[in-house]
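Below is one structure, written out as structure tokens, with a few remarks after it.
Just so we're on the same page: letters track the sequence lines, and every chain starts at 1.
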There are 2 protein chains.
Amino acid sequence: MELRQMKTPRHRKLYEILRKHINDGVYSEGDLLPSENDLCNVYGLTRPTVRQALAALVQDGYISKQQGRGSIVKKMPQGIGILSVSGTTSALKDKNLKTEIIEKPHIIPWPANFMFGLSDLEIESGCIHMTRLRLLDDNPIFYDISFIPAINLPRFTARNFRNRSLFDILRKAYQVEIKGGEQRIKAIMAEKDISGYLKIRPGHPVLHMERKMVTNRPELNVYSSIYCNTKDYSIFGTF
Amino acid sequence: MELRQMKTPRHRKLYEILRKHINDGVYSEGDLLPSENDLCNVYGLTRPTVRQALAALVQDGYISKQQGRGSIVKKMPQGIGILSVSGTTSALKDKNLKTEIIEKPHIIPWPANFMFGLSDLEIESGCIHMTRLRLLDDNPIFYDISFIPAINLPRFTARNFRNRSLFDILRKAYQVEIKGGEQRIKAIMAEKDISGYLKIRPGHPVLHMERKMVTNRPELNVYSSIYCNTKDYSIFGTF
DNA sequence: GAGAAATACTTGTAAATACAAGTATTAAGT
DNA sequence: ACTTAATACTTGTATTTACAAGTATTTCTC
């Protein structure tokens, strides 16, 4: 009986280490990473291997490189298309983001005429449904309706999501990472229920996003229908 | 007097060749590219160099790779965040896209309080300004206000943009390619002039995007303020 | 002290080589 | 005829070596 354990490539290991260091604040924004040769010596690797790890960090937006200088830590908003907002008047960093649960996660059958096409496995598995309201400085900004296929996510509905990021929980508790996705955006008039949650008057324009986010787990996609109050904030994104 | 011509790396050359072949239809979707060793022999390169070119093609979405099989051609829509629309009712491919010029390109000083920060060179160079209306099946969808720094773009204002893509002209006539950018999106109420162009009634919600697109030419960024009628169409994007 | 040149250090490009691991084809065995 | 094993071929990982090119620092010269 041959039990083969998934062996991680060395360049991947280094990538994980450096990414963790960046996220943990070992390096601040604008700092230089150790030089490629330093990394070689410290971790006992050769330059191509180190460069492979650094290339992945560039690709994922954690660092940028400059010939002759070094690898510069970016520590950007770091959401692969995950929502990031930018205030129109003041900076955002010292504002506090809260998440209120409107509807706790519970399993339902998928809605008819769902906004995205679903695979057979997704349909069979049923759907974890939850709605949340996200506030910035106590101003409601996002009204977020999420749909997640109930595929191997034990005790998911029992977790506490208040003031916690859905994607953090998926990553840390289930090793699910968002790899990419697609979205449709339009401007609509807020209907009564939405305007109530977002504390704007009915008829005011709101942003409506329908997004499908694919993960490292095949068949496990996260679907969201999001209504945004963009009166004081804009949706910000890079591409 | 030392005149140094920009010498392109070999992996870049191969990247360009393969990308052109893919775009020209030498390979169809799903086809396998020649194996890495074949490419080495044909172009007289070593595998690391070939792999660097292929990695760039993967990164830019032209191919995907599978260990043991080969490099599979994807030939996807290939718009780096460039506007793409998806109809809510019917498919889009057989619809016809037209572009009308509201205001021909002309050089102006940059507006005060411009939506993005500008470099000194950009400010000095002045700004090519134009406004266009884009229609899908004769329905006005985008009202597009563009700002481009007038840096080494000879005879730009004399060109004909009607029913032609701005980015195509930049690429083909000036070798300017969009590499990425950032954008801010909000939902607003259409004011009188906008609603007139988009043929909707004032007060109707429209999408407003402010985008900065960076190119392969340093300091040459394309700025746009775009108003979208999203009544029948959504803005579609992948990430 | 200020500017220019030399120097050290950094990332970029590229070659040659070796083996591991996944896939597809072919050959062998039942 | 079908399954299984061998094999050829593909991409993945990794080392070693060398030089080019850009940046930052130091040293020299005036």
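Under the side-chain hydrogen bond (donor to acceptor under 3.5 Å, both in side chains) criterion, R159(B) pairs with Y174(B), not counting sequence neighbours. In this view, T215(A) satisfies the side-chain hydrogen bond (donor to acceptor under 3.5 Å, both in side chains) rule with no residue, not counting sequence neighbours. Residues passing the side-chain hydrogen bond (donor to acceptor under 3.5 Å, both in side chains) test with R19(B) are E177(B), sequence neighbours excluded. A search for ring-ring contact (aromatic ring centres under 6.0 Å, His included) contacts involving H11(A) returns nothing, not counting sequence neighbours. Listed by chain and number, the residues in a side-chain hydrogen bond (donor to acceptor under 3.5 Å, both in side chains) with S146(B) are D144(B) (sequence neighbours excluded).
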Quick one: side chains of residues 39-46 of chain A, donor-acceptor pairs under 3.5 Å with protein atoms, not counting sequence neighbours, listed by atom name and distance.
residue, atom, partner, partner atom, Å
N41(A), ND2, N37(A), O, 3.3
T46(A), OG1, T49(A), OG1, 3.3

Under 3.5 Å, which donor-acceptor pairs link side chains of residues 63-70 of chain A to any protein atom two or more places apart or in another chain?
residue, atom, partner, partner atom, Å
K65(A), NZ, E36(A), OE2, 2.8
Q66(A), OE1, R69(A), NH1, 3.4

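Although no hydrogens or angles enter the test, the distance criterion places a donor-acceptor pair under 3.5 Å between the side chain of W110(B) and the main chain of E122(B).
Look at CD on Q52(B): it is 16 Å from C1' on dT13(D), rounded to the nearest Å. The nearest whole Å value for the distance from the NZ atom in K13(B) to the P atom in dT13(C) is 13 Å. Protein atom CG of L14(B) is 11 Å distant from nucleotide atom P of dA15(C), rounded to whole Å. Whole-Å rounding puts the Y15(B) OH to dT13(C) P distance at 14 Å. The nearest whole Å value for the distance from the CD atom in E36(A) to the P atom in dT13(C) is 11 Å. Atom C1' of nucleotide dT23(C) and atom CG of N37(B) are separated by 15 Å, given to the nearest angstrom. The separation between D38(A) atom CG and dA8(C) atom P is 17 Å, rounded to whole Å.
Side-chain atoms of R51(B) lie closest to dT11(D) of the nucleotides dT11(D), dT10(D), dG12(C).
For dT13(C), neither phosphate oxygen OP1 nor OP2 lies less than 4.0 angstrom from any side-chain nitrogen or oxygen of R10(B). Between T49(A) and dT13(D), a side-chain N or O to OP1/OP2 separation shorter than 4.0 Å is absent.
Residues from residues 39-47 of chain A placing a heavy atom under 4.0 Å of any atom in DNA chain C, listed by number, are R47(A). Near DNA chain D, meaning a heavy atom under 4.0 Å away, the residues from residues 65-72 of chain B are K65(B), Q66(B), Q67(B), G68(B), R69(B), G70(B), S71(B).
A salt bridge links E16(B) with R12(B): the distance from a Lys NZ or Arg NE/NH1/NH2 to an Asp or Glu carboxylate oxygen falls below 4.0 Å.
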